[in-house]
Protein chains: 2
Amino acid sequence: MVTLTRLDSAQPDFQARLARLLQFDDAADAAIEQTVAAILHDVKKRGDAAVLEYTERFDRLPAASLASLEINAAQLQAALEHLPADTRQALEAAAERVRRYHEKQTLASWTYTEDDGTVLGQKITPLDRVGLYVPGGKAAYPSSVLMNAIPAKVAGVGELIMVVPTPGGDQNQLVLAAAAIAGVDRVFTIGGAQAVAALAYGTATVPQVDKIVGPGNAYVAAAKRRVFGTVGIDMIAGPSEILVIADGNTPPEWVAMDLFSQAEHDEMAQSILLSPDAAYLDAVAAAIDKLIDEMPRSEVIRTSLTNRGALIKTRDLDDAVAISNTIAPEHLELSVTDPDALLPGLRHAGAIFMGKHTCEALGDYCAGPNHVLPTSRTARFSSPLGVYDFQKRSSLINVSQAGAQTLGQIAATLAYGEGLQAHARSAEYRLVHK
Amino acid sequence: MVTLTRLDSAQPDFQARLARLLQFDDAADAAIEQTVAAILHDVKKRGDAAVLEYTERFDRLPAASLASLEINAAQLQAALEHLPADTRQALEAAAERVRRYHEKQTLASWTYTEDDGTVLGQKITPLDRVGLYVPGGKAAYPSSVLMNAIPAKVAGVGELIMVVPTPGGDQNQLVLAAAAIAGVDRVFTIGGAQAVAALAYGTATVPQVDKIVGPGNAYVAAAKRRVFGTVGIDMIAGPSEILVIADGNTPPEWVAMDLFSQAEHDEMAQSILLSPDAAYLDAVAAAIDKLIDEMPRSEVIRTSLTNRGALIKTRDLDDAVAISNTIAPEHLELSVTDPDALLPGLRHAGAIFMGKHTCEALGDYCAGPNHVLPTSRTARFSSPLGVYDFQKRSSLINVSQAGAQTLGQIAATLAYGEGLQAHARSAEYRLVHK
């Protein structure tokens, strides 16, 4: 039996209970911070030699040179060719769908010309070089390689460099095959803070990148935070979350399994169900109890659901939408008959899975949209990983001589008001004095 | 006389010299970090009372309540109405042009339907509530209020809350007038790390925001870094920079003054001129010497140009473009006869000012594009502040029953491959078994 937290939005202290449920401790660990700072400093100073030493120490992988830790294109291709046919087909189909969706996100440059001939605009340029961190060990997911690499390639990034630790030299062939499919340009089997440092600062062997994306453990996250500014980074992800809003018309087993699919990630993952139908909540609770023992990862699921899961009775579906906006979930399933009716009221969610056929797992792997999504309420202000994360904008300003007469007056007036006389004089030089 | 660094891209050690020129020390100050951490913790715990105490201590501004530090709409309107007519007209004209440009940046939601009825898309939602930090004292620029507030309002942000310290109770009427023009919703006269904390965590009086933007001193920057994740933040700006590429056809005084306009900001600002014409570099150096003593901020300009400025002889204009791509400048002036010819080769710049009539000052105040731009080479991976910083995306996935048959097979295959059985089962429930 799994004992889940049960809440009711009609309870007078519901908001306080909800806040407690959502809370988790993401305090920085001082020991990790210190270790990471030392590794970054060392790699910045000693380059390849430092990376090799840390790789031998942390990954039990001695190597004569960093170059010998590079996996070449032929090896990636071989990994792809040795996959079972159905796995290869599934990966390729997923990649194709992800590519097609992300192509719609491409930004385009634009300009417009004003009456006096002044041209204003915005020029879009892809990033030159991007680093992709891929975790080793049990959390090495080929789907993550696709989801991080494909938007970068669609954006037109010049060179995509993947790093993936291979503890003991143990390579994950699925991950390498995914890299081949996604068009990753170079792969180094290094990991941890030392790999982040190599990408951020560059070494003799690893080229410096402009941005680092991809998930990692606490050391990787701390390293990414620290190199931010020297390079760009994606969001630092917290535990994964799902929120399901159900009207009671989806089979309870389906929703139970959807909650499991989040909970099986790790003990800190959060699965919450909202429904105005109390009997339906009971039915899902019963389905959870019925199904849990069949799951190979039942212990992780049980811990996650017990500590962080919840079944919440709402007044109605609008109430559920309001609660969802407070939670700002990473994944939001609208397991209801008319999901379009709820859409206008929803303000914050990483991805919205609409209708009972759209379980989160379809989006995790192959629907097309990205599975790298804002966690821990950051959907209030951030977006899924996308092509736009690998392109940047430059403003274009081409003021005509006529335009400079109007704009120069305005700029000079404001510059004198701010006490910036060189700004004012610079604008005034462009005025045609008669 | 101003002694500027002179470099020549033909020198064998040019890249090393350039790297030294661009270097600056942005190391975090441990004392500031500690002070800021304590203030954030205190405001999170004690709310209004803590903010009031710090405001009295740091801004010499005692107040009975935080509510009494709010400036109401009537006061903002009064500040606007008391402006000199030409200043008001200039501010309003600038605001109108900034608004018009930024309206082109608005993102739109989209969806597409696949053959099997599956709908995929992206929903755009503005942020609910944004905090705008405005520095007090000498660096209080009304143009900054416009540049930060207008994109937020164009994006559709629900509530825009400005904080501005008023040391000794001294209010900057230009800043308040700009807030009125830009449509800022609420203004509190608080500043420093305590104001950032109030916005990030919320207090009884100051509502919690979803993102904090705007420039500030080292304490404000450290506070923004620390609250990142709880709220979104814009980039942490380094010293301002200008790079001018000149073909020798712009009057040397104009370019000298453009370099001054950057240098007058502060001693750490960086002004660099690239030209293939050695005689022209000499002419600009002479103009600098001729003009420097006329400038009210000549001491700041002199220090900035001497320590961080440079005149660089390049092989040709293409060489200048390549060097510019290495520098990835915040502001790039193409003071050349045919700026369009250089545009395709330029990869990294915050804003590009094209042609001799387009001095940076026009863009700083009123051309239309934003003056909040990526500094310190971050134009390699980031963009000007824009409407897109105040809107976010949610992925939309509505898989039809037919679509679930195809996608469910792919997802299940990949999920089993990753050892995530609940993901696989969740997808398989949607398969119609015959």
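Keep in mind that the numbers below use all heavy atoms, side chains included, and drop hydrogens, waters and symmetry copies. Letters A, B, ... mirror the listed sequences (proteins, then strands); counts begin at 1.
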Inset, instruction - Indicate yes or no: at least one non-hydrogen side-chain atom of B/Tyr388 is less than 4.5 angstrom from one of A/Tyr388. - result: no
Inset, instruction - May I ask you to check whether A/Asp86 and B/Thr413 show a side-chain donor-acceptor distance below 3.5 Å? - result: no
Inset, instruction - Locate the shortest heavy-atom distance separating A/Ile410 from B/Ala90; write the atom from each residue and the value. - result: CG2-O, 3.5 Å
Legend entry - A/Ser143 side chain to B/Glu418 side chain, donor-acceptor N/O pair below 3.5 angstrom: yes
Inset, instruction - Please assess B/Arg100 against A/Glu114 for the test salt bridge (charged side-chain N to carboxylate O under 4.0 Å, His left out), listing each intermediate value before the final yes or no. - result: CA-CA 11 Å; B/Arg100 211 183 310 151; A/Glu114 300 189 308; 3.5 Å; yes
Legend entry - Pairs of heavy atoms under 4.5 Å with chain A: top-ranked of B/Ala415, B/Ala94, B/Pro251, B/Gly419: B/Ala415
Legend entry - Gap between atom CG of A/Asn398 and atom NE2 of B/His357 - 0.5 Å precision: 9.5 Å
Legend entry - Max heavy-atom pair count under 4.5 Å with chain B, selected residue of A/Leu343, A/Thr118, A/Asn370, A/Leu373: A/Leu343
Legend entry - Reported CD-to-OG distance for the pair B/Gln105 and A/Ser395, which is rounded to 0.5 angstrom: 7.0 Å
Inset, instruction - Under 4.5 Å, counting heavy-atom pairs only, tell me which of A/Arg97, A/Met235, A/Glu360 racks up the most with chain B. - result: A/Arg97
Inset, instruction - Taking B/Lys123 for its side chain and A/Ala351 for its backbone only, find out whether a donor-acceptor pair lies under 3.5 Å. - result: no
Inset, instruction - Look at B/Gly355, B/Gly386, B/Ala263, B/Pro369 and state which one has the largest set of heavy-atom pairs under 4.5 Å with chain A. - result: B/Pro369
Inset, instruction - Output the option from B/Ala427, B/Ala93, B/Pro296, B/Ala404 having the highest count of non-hydrogen pairs under 4.5 Å with chain A. - result: B/Pro296
Legend entry - Contact origin within A/Thr406 toward chain B - heavy atom pairs under 4.5 Å: neither
Inset, instruction - Report yes if the side chains of A/Arg430 and B/Cys359 come closer than 4.5 Å at any heavy-atom pair, otherwise no. - result: yes
Inset, instruction - Answer with side chain, backbone, both or neither: which region of A/Val209 has an atom nearer than 4.5 Å to a non-hydrogen atom of chain B? - result: backbone
Inset, instruction - With a 4.5 Å cut-off on heavy-atom pairs, point out which of A/Gly408, A/Gly403, A/Ala412, A/Ala349 contacts chain B the most. - result: A/Ala349
Legend entry - chain A contact via B/Leu407 - side chain, backbone, both or neither, heavy atoms under 4.5 Å: both
Inset, instruction - Of all the heavy-atom pairs spanning A/Ala367 and B/Leu120, show the shortest one and how long it is. - result: O-CD1, 3.3 Å
Legend entry - Option that, when pairs with chain B are counted at under 4.5 Å, heavy atom only, ranks first among A/Ile301, A/Val130, A/Asp210, A/Thr125: A/Asp210
Legend entry - chain B contact via A/Pro339 - which portion, at a heavy-atom distance below 4.5 Å: side chain
Inset, instruction - Look at B/Gln391, B/Glu253, B/Arg377, B/Gln262 and state which one has the largest set of heavy-atom pairs under 4.5 Å with chain A. - result: B/Glu253
Inset, instruction - Using a 4.5 Å cut-off on heavy atoms from C-beta on, say whether the side chain of A/Leu291 contacts that of B/Arg425. - result: yes
Legend entry - Heavy-atom side-chain proximity of B/Asp128 to A/His348 below 4.5 angstrom: yes
Inset, instruction - Could you tell me which of B/Gly363, B/Cys366, B/Ala328, B/Gly417 has the largest number of non-hydrogen atom pairs under 4.5 Å with chain A? - result: B/Cys366
Inset, instruction - May I ask you to name which of A/Gly368, A/Pro84, A/Gly229 has the most heavy-atom pairs under 4.5 Å with chain B? - result: A/Gly229
Legend entry - Nearest heavy-atom neighbours spanning A/Tyr101 and B/Tyr112: CA-OH, 3.3 Å
Inset, instruction - Could you grab the distance from atom OG1 of A/Thr111 to atom CG of B/Asp340, nearest 0.5 Å is fine? - result: 9.0 Å
Legend entry - Part of A/Ala379 within contact of chain B (heavy atom distance under 4.5 Å): backbone
Legend entry - 4.5 Å side-chain heavy-atom contact, B/His423 and A/Asp364: yes
Inset, instruction - Measure from NZ or CZ of B/Lys392 to the centre of the six-membered ring of A/Phe381, then state whether that distance is under 6.0 Å and the direction lies within 45° of the axis. - result: no
Inset, instruction - For the residue pair A/Arg347 and B/Ser394, establish whether any side-chain heavy-atom pair is separated by less than 4.5 Å. - result: no
Inset, instruction - Against chain A, work out which of B/Lys356, B/Gln401, B/Arg393 has the most heavy-atom pairs shorter than 4.5 Å and name it. - result: B/Arg393
Legend entry - Largest heavy-atom contact set with chain B, pairs under 4.5 Å, which of A/Thr378, A/Asn172, A/Leu396: A/Leu396
Inset, instruction - Look at the side chain of B/Lys211 and the backbone N and O of A/Arg380, then say whether any donor-acceptor pair between them is shorter than 3.5 Å. - result: no
Inset, instruction - Answer yes or no: is there a side-chain heavy-atom contact under 4.5 Å between A/Pro142 and B/Leu414? - result: no
Legend entry - Non-hydrogen side-chain atoms of A/Leu420 and B/Tyr365 separated by less than 4.5 Å: yes
Legend entry - B/Met295 backbone acceptor or donor facing A/Gln421 side chain under 3.5 Å: no
Inset, instruction - Using non-hydrogen atoms and a 4.5 Å limit, figure out which bit of A/Gln89 sits close to chain B: side chain, backbone, both or neither. - result: neither
